[in-house]
Amino acid sequence: MLAAQVLVNAAVLGCLYACIAIGFSLVWGVLNVINLIHGSLIVLGAYLAWGLYQWIGVLPWYVLVVAAPLFFAIGYLLQRLLLNKVITAPVLVTLTLTFGLDLILNNAMIYFFKADYRKLTLVPSLGSISLGGVVVPVDRVIATAFALVLTGLLYLLLRRSRVGRAVVAVRLDHDAAVLMGVDVKSIYAIAFGLGAALAGCAGVLMALIFPISPLTSSAYLGKAFVVCVLGGLGSVSGALVGGLALALVEGVGAVVVGPSYATTLSFLLLIVFLIVRPQGLLGRKGFE
Amino acid sequence: MFRFRLRRRAIACGGFALAVAGMAGLPSTASAEDVIRIGAPLPITGPLAPEAIKQKQGYDLWAEQANKAGGISVGGKKYKVEIVYVDYQSNTPRAVQATEQLITQDHVNFLFGAFGSGAAKAASTISEKYKVPTLAATASSSQVYDQGYKYLFGTFTPNDTLTTPLTKIVKAKAPDVKKVAILARNDLFPLAIAQEMEKSAKANGIEVVFFDKYAIGTLDHSATLSQIKSLAPQWIFITGYINDLLLARKQMVDQQIKAPVVTMIAGPAYQEFIDALGPSAENISSAAWWHPAEQYDGKDIFGKTSNFVKLFRDKYKTEPDYGQASAALCGALFQLAIEQAGSLDRDKVRDALAKMDVVTFFGPVKFGSNGQINSLDPPVFQIQGGKPVVVFPQAIKQGDLKLGVN
């Protein structure tokens, strides 16, 4: 029974990790930018959900409708006005720029929201469902369902829509895309906007689950990084597989070797992957 | 003069930063004749920032009160108080550097310790070397005081003074509690208090069915909690800081883990904890070194406990907790020691601190030979009806321990 419970926990947590990582993976894969502001955008999304619930009682899943366009706009403008200026520079330059932006956003959040930990507690609480002794919290199930829907929508967008095809084209071959008449700068901005929108939505969903504070942004960023390396860049399903793999290693590791080694174990796995399979489980060659 | 300065020294800037720091120190040393300067290294930025802010509030309140009353009287002459803050960015090695900077460049008369047991211990090596009397407001672990240092004093009693009364109350109130599960953050204080809990439980015939640590920065406790649930303990004891405990409590509710007694240290003393958890904070027990419900008639500048609470509330619009109170106490104790010594001589003030035996708003204060306070009965409390209710000691008890955390 314990084994079943641990596996179910890991499956649900894995989807949440995927939700945290998917936007990060998209930006890294398409723009080759390691977007260090990702964690802070997630926290900002969480504050949006928390604020709207405290203020006028809007439930987090409705907040998604507001968060997606809002964060898309933030991301689009960031890329258009700042990142596009240095996008052709070596990866260290964009990394430093997003690092600086993260410092600004994170400290602004500490200034405005304070560093106190807050929690979005729904009244009445959603409770948990029990299936033959295995307990699953409803809020995690809802967050997981939305995470899967968001991932599915992104997949459809990239595969079916004209803009999505252009994003994929730029990712596969930048020069060929330019020759085919794709406006690369605008595609970059759209991709970064999508990444930011996914971060914002992830934050809204995480507000239900984790304590909220600007100080948690680095934890989200760390998880996103590991998930991307495990799952691989360049495919939507990579984030999902990476998230599940990470949650499974942490969950089983916590029970078998103790919770203090669970994180160590996941980072060991990260190192092994970087050496043995740098493209990740589902990543495509050329995106490692 | 009532002035605070925050300075952050960039190591990379080396000589330049030193020169600037030196210049900034000049005007203050010129007027040092009638000012007592106390250095306070604090983690004002970084993950420990919320704790530093609390401590700073305590120091500031004391300095404000002392200066309002004309200052500290030393041999008939009044001296104003100035607290010199240095931010060590939640980085323990930098706390050591900050302490040295305060002594050698800012020429402070005395020192407040760095935050928590780990940093306070590291920084105490420097203050001992320069023989600067230091009062640590938030260091409880005995490893800080067993170094044989003569200039370090602390206002938190040892960790076992928190766990032993708690175990006794649980045993008296709930004799059916036979099994305890202990989960600790792998960090100096949370782990030390968990180990004390293990000892207290064993000494009182309670079986420890689970004892494990989780890494700092853990985002999910579900696997560990499932394991604890499968062992069906009647008492669940979790240590960590407020973010860890909020997450752990939320996941306990998620997994429908119930127990007659659930104890968490150290978070429930903070109002944010109760606000964040709402109804699921109900009946969680905890222990802390001080509680605003205490009623002492102090001989220090704050006088009665109720007066301290009122002054704090007027200034910060919130209830004080043990960290803020302990910081204010450290200021008040320096004041008493300096007045008693009648001198700013570091050795005389050190001796006055060592001999101190006085009732304060925080409780009776007397330091053991190792420098750690040994005169306090820390209160045990429980969240009841969304408020912390003291269940021990008898003298300030507000209610009885209730069983059942659902």
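The sequence lines fix the lettering, A, B, ..., with proteins before strands; numbering per chain opens at 1. On a predicted model such as this, the values are computed, not experimentally measured, just so you know.
Taking chain A as the reference chain and counting heavy-atom pairs below 4.5 Å, the highest number among B/Thr224, B/Leu247, B/Val253 is found for B/Leu247. Between chain A and the options B/Ser226, B/Pro279, B/Ser280, B/Gly278, the largest number of non-hydrogen pairs under 4.5 Å is found for B/Ser226. Note on B/Ala215, B/Ala184, B/Ser230: by heavy-atom pairs under 4.5 Å with chain A, the leading option is B/Ala215.
Residue contact with chain A, scored on non-hydrogen atoms closer than 4.5 Å, involves the backbone of B/Leu277 exclusively. Both the backbone and the side chain of B/Lys213 come within contact range of chain A, each with at least one heavy atom under 4.5 Å from a heavy atom of that chain. Residue A/Lys223 touches chain B through its side chain alone, counting heavy-atom pairs closer than 4.5 Å. Neither the backbone nor the side chain of A/Leu126 comes within contact range of chain B; no heavy atom of the residue lies under 4.5 Å from a heavy atom of that chain. In this structure, no portion of A/Leu7 lies under 4.5 Å from any heavy atom of chain B. For A/Asn107, no part sits under 4.5 Å from any heavy atom of chain B, backbone or side chain. Heavy-atom distances place both the backbone and the side chain of B/Ser222 under 4.5 Å from chain A.
With a 4.5 Å cut-off on side-chain heavy atoms, B/Glu51 and B/Thr138 do not count as touching. A 4.5 Å side-chain heavy-atom check between B/Thr239 and B/Leu191 finds every atom pair outside the cut-off.
For the 3.5 Å distance criterion, the side chains of B/Asn186 and A/Ser260 fail to qualify, holding no donor opposite an acceptor.
Contacts between residues 262-272 of chain B and chain A, counted as heavy-atom pairs separated by less than 4.5 Å, involve B/Glu272.
Interatomic distance, A/Lys119 NZ to B/Asn243 CG, rounded to the nearest 0.5 Å: 12.5 Å. Between the CG atom of A/Leu16 and the CZ atom of A/Phe210 there is a distance of 6.0 Å, given to the nearest 0.5 Å.
The closest donor-acceptor contact from the side chain of B/Glu196 to the backbone of B/Thr163 lies at 3.5 Å or more, if one exists at all. A donor-acceptor pair is defined here as one N or O able to donate and one able to accept, closer than 3.5 Å; such a pair exists between the side chain of B/Glu282 and the backbone of B/Gly385. Judged by distance alone, with hydrogens and angles left aside, the side-chain atoms of B/Asp244 form a donor-acceptor pair with the main-chain N or O of B/Tyr241 at under 3.5 Å.
The ring of B/His221 has its center closer than 6.0 angstrom to the ring center of B/Tyr214. Taking the six-membered ring wherever Trp is involved, the centroid distance between the rings of A/Phe113 and A/Trp50 does not fall below 6.0 Å.
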Taking it one step at a time, do B/Asn283 and B/Gln384 satisfy side chain to side chain donor-acceptor pair (under 3.5 Å)?
CA-CA 6 Å; B/Asn283 285 358; B/Gln384 293 180 5; 5.1 Å; no
